[in-house]
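Quick caveat: nothing in here was measured; it's all calculated off a predicted structure. When reading the values below, keep in mind they use all heavy atoms of this one structure, side chains included, and skip hydrogens, waters and symmetry mates.
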Amino acid sequence: MAWNPALHPRWNDGRWRESNLASNQWYTLTDRRGKVHHYFLNDMNQLQDCQNIIAYGSRGRTIASNAHDTPVRTHIMATEDEEMMAVSATDHSVTGVIYHDKDAPPETMSLDRGSQWEPTPDYEGVKYRTGDGTAYTGEVDGFGGNGVQLSDRKDGRKYDTLNAQKAEQANLKAFESENSKTYHVDPGSIAEKCVEARHEYMKHDPDLSESQARQMPVFVYFDKDGEPQVKPAKVLNRKTGKYDDKHSPKVRGGSPTVKLTMDDVTRQTRALQADGVEDAQFAITKGTNVTKQGRPINNALHYRADFDDKNKHSVTAWGVIEKKNKGVEEVDAGRRFLKEDGTLDAEALHASRQRAINRRKRNAIPYHNPKDKETAVTLIRTRHLEENHVTEKDVTLRKDGTIAYDRGNGITTVYDANGEQISNEANTPEAFASLWNQNMAQHGGKMFVRKENTVRLSDGNFRTRYRDQKGVYRYAYCKPNGARTPNRWRDPDDPTKVKFYDDSGRIQTAEANKSTL
């Protein structure tokens, strides 16, 4: 039976483990040499999706504490559309995961690629401050491992980060250019072809260990039927006892051929399997290694998978596997929105926020004018990324076409049919007082109110008492959205009558005359 890491898990050292072990606990294992190891088993459902793709895309030990060895770590950065992208790299590959429904952090973050084997921090994310001084809580804790603030550290240390734009552009070109030849394949089928190639190496060289066989080179290509093929790229010369290079196979009607280290291909395809990817696009074309004149040198194996994760968020996993990775470079870590003199680049910050808003608006278009709660929830989640926790039970479709979302804290947010926010509505005196005071603070007002002086009226409106600029106490009657409403009005059914609120907030009726209007 073919191995699927999603169904048949292993420990970090490769040994099999039970699939029903409790998560969020520490386990003790003893290796063959008698050394005791302690493993923490994370609950993968609590982490960001595509954990294995990111973790396997790094090199070195699973938990790397040397922050200066940049490629070992996972780096959280921004795409051109201000989407959050996690990137890891080795000497032979670049791996990226784009979270289309998450905004990028204000500066590049970095963390130990602990993933499944390192506890998540016991706080709500790593706190950062943007260039304009506003607080930011990152998504780092959702990747497992400890986050590291790269700049403005108290200890004065300076960390490097990665620039992976070259690799991402090469990957996009592999699938979007006119001459692209792509193949939809189960990543597990490529991994199993690697197993066959490893067995073939060991069959012809009994002295070759399994770990040595994994490091041997292989030719990877797709035949005329679109089936993946992985063949040994070296052959044992029994006369000399050394390995000779084999000629690249001639593929008629299929893809180009690329020569790679077997272990790199196995790790990446198994990682895709472990994250539940059963169908990914693959292509073999030029990689990131170029001449001084900018001409590509070697081919690379590219993969790309677009899917919705377990939380129904849109995700793209991509990767480039090649003989020599030139797709990333180490750069000084620094805030994206600071000028060289250390002051805030307000123009760059504004442009960044506008790109993020424009992206959300584009992504929300298919869900405009929702006719059911499911579509309405998707619209709000897509247009306003901070609303990913909204559920159908919290949403009401109103007759006027607006969408009401009950936040659960006494406040209902109202959106139009395009998902644009119209207003906030209070459902309790506490919520109304909070919204009133927030509005005053934002506009420089000083007429604040207290929840003890706020009453919800019988028709859902509110009455609150405030002190005006002259120090005189007055009453304000307002709708749930804060718009002022009169405390007396003509009875629409009887013009000789007038309606008004009594001291208890109930609506009463009286004769209409000059003194009551």
Do [X] side-chain atoms and [Y] backbone N/O form a donor-acceptor pair below 3.5 Å?
X	Y	value
Lys224	Ser255	no
Ser177	Ala174	no
Asn237	Gly241	no
Ser180	Thr182	no
Thr79	Glu83	yes
Thr261	Asp264	no

Can you confirm whether Asp205 sits close enough to Leu236 that some side-chain heavy atom of one is under 4.5 Å from a side-chain heavy atom of the other?
yes

Ser93 versus Asn325: any side-chain heavy-atom pair under 4.5 Å?
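In short, these two side chains do not touch, never coming nearer than 4.5 Å.
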
Is it the case that more than 12 heavy atoms not belonging to [X] sit under 6.0 Å from its [atom1] atom?
X	atom1	result
Phe219	CZ	yes
Gln25	CD	yes
Lys259	NZ	yes
Gln354	CD	yes

Could you tell me whether [X] and [Y] make a salt bridge, using a distance below 4.0 angstrom between a side-chain N and a carboxylate O?
X	Y	result
Asp245	Lys234	yes
Asp81	Arg362	yes
Glu322	Lys286	no
Asp394	Arg407	no

Check: Tyr183 ring centre within less than 6.0 Å of Phe282 ring centre
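No, the ring centres sit 6.0 Å or more apart.
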
Using the salt bridge (charged side-chain N to carboxylate O under 4.0 Å, His left out) criterion, which residues pair with Arg214? Sequence neighbours excluded.
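Here the qualifying residues are Glu210.
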
